[in-house]
Amino acid sequence: MPEVFSPIRWKSNQLELIDQRALPDREVWLNVTSVEQTAQAITDMVVRGAPAIGITAAYGVALSCLEISQKKSKEWKHLLSKDLELLAQSRPTAVNLFWALERMQSVLNEAESPSQAFEIALTEAKMIHQEDYQMNLAIGEYGSSLLPDSAVVLTHCNTGALATGGHGTALGVIRSAWQKGNLQHVYANETRPWLQGSRLTIWELLKENIPCTLQADSAAALLMKSKKIDWIIVGADRIAANGDTANKIGTYSLALLAKAHGVKFMVAAPTSTIDMQLESGDLIPIEERSAGELWSSASKTDIPEKLNFHNPVFDVTPAGFIDAIVTEKGIATSNERGLFSQAFSTWFQA
Ligand code: MRU
C-alpha cells in the first residue's frame with residue numbers, strides 16, 4: 001500500500017484495526033489474530049463502512065488459513081468454509097462483505113494445501129485493499145468533476161478513509177474537490193444514533209483542515225432552505241441493479257429533502273457495492289441494531305424492560321431520487337429510461 005492513512009493494517013501475520021468506537025477521543029489500534037475476532041470486530045463496529053468491512057473480511061480469511069495451516073487437519077477445506085460462513089454472518093447489509101468473501105473463495109479454489117491457501121489468501125486480501133484505495137481515487141476524480149466551482153456540499157455518515165482502504169468514497173469526492181481547489185465548504189450531519197458524522201467524518205475533515213460545519217441531522221431541511229447547497233454526497237452499502245441505494249439511516253430523508261429544495265444528490269461507491277443479483281432496493285436486507293445504541297444517548301441507566309425500540313441502521317433511497325451514481329468506472333446520471341441499469345451493464349461487461 002502507498003503511504004496513505006487506512007484503518008486496516010497487516011503486520012507480522014496479524015491484522016490491526018483502528019478502533020472506531022474510541023474515536024475521536026483516542027486513537028487505539030487493536031490486534032486481531034483470529035477469524036472469530038475478525039467477525040466480532042465487524043459486528044461490534046470496531047471497523048465499519050462497506051468497503052472497509054469487505055477488506056477486513058478478506059484479511060479475516062487469511063487469518064483463517066493461517067490458523068488452519070497450524071492445525072494440519074485433512075479437513076482443512078471444510079474448516080475454511082465454516083470460517084467463511086462465520087465472516088458472512090458478521091453484518092447483513094453491506095454487499096462488499098459478500099463480494100470480498102466470494103472473491104476470496106474463488107481464488108482459494110486453486111489452493112492445494114493450507115499453507116498455499118494462506119499465501120494465496122494474503123496476496124488477494126492485500127490486492128483487494130490496494131485496489132479499493134485506487135478505486136477511491138478514481139471515484140474522487142469523477143465525482144469532483146460534477147461539482148461547480150466553490151462548491152458547498154452536505155454529507156451523511158462517514159465514507160472517508162476510515163470507511164474504506166483509504167481516501168474514501170463520498171468523502172473521497174469531497175477530499176478530491178478540496179485538493180483541486182473547487183470546494184468551499186462541507187456540512188456534515190452528526191448521523192444518529194452511532195454518530196459516524198460527528199465522531200469520524202469531523203475527525204477526518206479537521207485533520208486535513210477542510211472547512212466544515214457539524215450539524216444535527218434534523219437541521220438538514222433548514223440548511224437546504226436557507227443556504228445554497230450544491231450537492232448532497234453520500235456513500236452506499238448496497239446498490240440494487242435498478243440503482244436503488246441502501247445507505248446509513250437518514251439518507252432517504254435527505255434525498256427527499258434534496259428533491260424538495262432543488263439540491264443535487266450524488267451516491268459515490270465502488271462497483272463492488274453494486275449487487276446485480278437484486279432487481280430493486282426492496283430486496284436489500286436492512287440491519288437492525290440494539291436498543292442500547294439509542295438509549296445510551298438518553299441515559300446511563302439500564303434499558304427499561306418496557307421500552308419498545310426501532311433501530312434500523314440503513315434505509316433505501318429509490319433510484320428516482322438520485323441524480324448521479326459515481327463509481328471507479330465513471331458516472332451514471334439520472335434514472336430516466338433506466339439509465340442507471342444501462343450504465344451498470346456496461347461497467348460489468350468491461
Ligand atoms: O453502519 P456503518 O457505519 O457501517 O454504515 C456506513 C455507511 O452507511 C456508509 O455510508 C457506507 O458504508 C459507505 S462507506 C464508504
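In this text, all values refer to a predicted model and were calculated from it rather than measured experimentally. All ligand and atom numbering here is 1-based and tracks the order in the structure.
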> What heavy-atom pair brings T93 and F314 nearest, and what distance separates the two atoms?
Replying inline: OG1-CD1, 3.4 Å
Quick one: does ligand 1 sit under 4.0 Å from the side chain of [X], the backbone, both or neither, non-hydrogen atoms only?
X: P51; answer: side chain
X: H156; answer: neither
X: C157; answer: side chain

> Where the closest heavy atom to atom 7 (C) of ligand 1 is concerned, which of D237, V47, V234 has it?
Replying inline: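 Closest candidate by heavy-atom distance is D237.
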> Under 6.0 Å from the CD atom of E279, do we count more than 12 heavy atoms belonging to anything else shown?
Replying inline: no
>> So for atom NZ, which belongs to K82, do other residues, nucleotides or ligands contribute more than 12 heavy atoms lying within a distance under 6.0 Å?
In response: no
Would you mind running through ligand 1 and noting each atom that sits below 4.0 Å from a heavy atom of [X]?
X: K248; answer: 1 (O), 2 (P), 5 (O), 8 (O)
X: R91; answer: 1 (O), 2 (P), 4 (O)
X: A50; answer: 12 (O), 14 (S)
X: T169; answer: 15 (C)
X: F314; answer: 1 (O), 5 (O), 8 (O)
X: Q196; answer: 1 (O), 2 (P), 3 (O)

> Ring centres of H167 and F5 under 6.0 Å apart?
Replying inline: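 Judged by ring-centre distance (under 6.0 Å), H167 and F5 do not meet the cut-off.
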> With distance as the sole criterion, is a donor-acceptor pair present between the side chains of K180 and S144 under 3.5 Å?
Replying inline: yes
> Have N242 and S280 got a donor and an acceptor in their side chains that come within less than 3.5 Å?
Replying inline: no
> In the protein, what heavy atom is nearest to atom 14 (S) of ligand 1, and what distance, to one decimal place, separates them?
Replying inline: A163 CB, 3.6 Å
>> Quick test: of every protein heavy atom, which one is nearest to atom 13 (C) of ligand 1, and how far off is it to 0.1 Å?
In response: A236 O, 3.4 Å
Would you call [X]-[Y] a salt bridge at under 4.0 Å N-O?
X: E75; Y: K77; answer: no
X: R289; Y: E287; answer: yes
X: R238; Y: D275; answer: yes

Nitrogen or oxygen of [X] less than 3.5 angstrom from that of ligand 1:
X: T164; result: no
X: G49; result: yes
X: R48; result: yes
X: T159; result: no
X: N247; result: yes

> Yes or no on side-chain contact (heavy atoms from CB on, under 4.5 Å) for E204 and L171, after CA distance, side-chain angles and deciding distance?
Replying inline: CA-CA 9 Å; E204 291 198 38; L171 203 59; 3.7 Å; yes
> Is there a side-chain contact between S73 and L79, using heavy atoms and a 4.5 Å cut-off?
Replying inline: yes
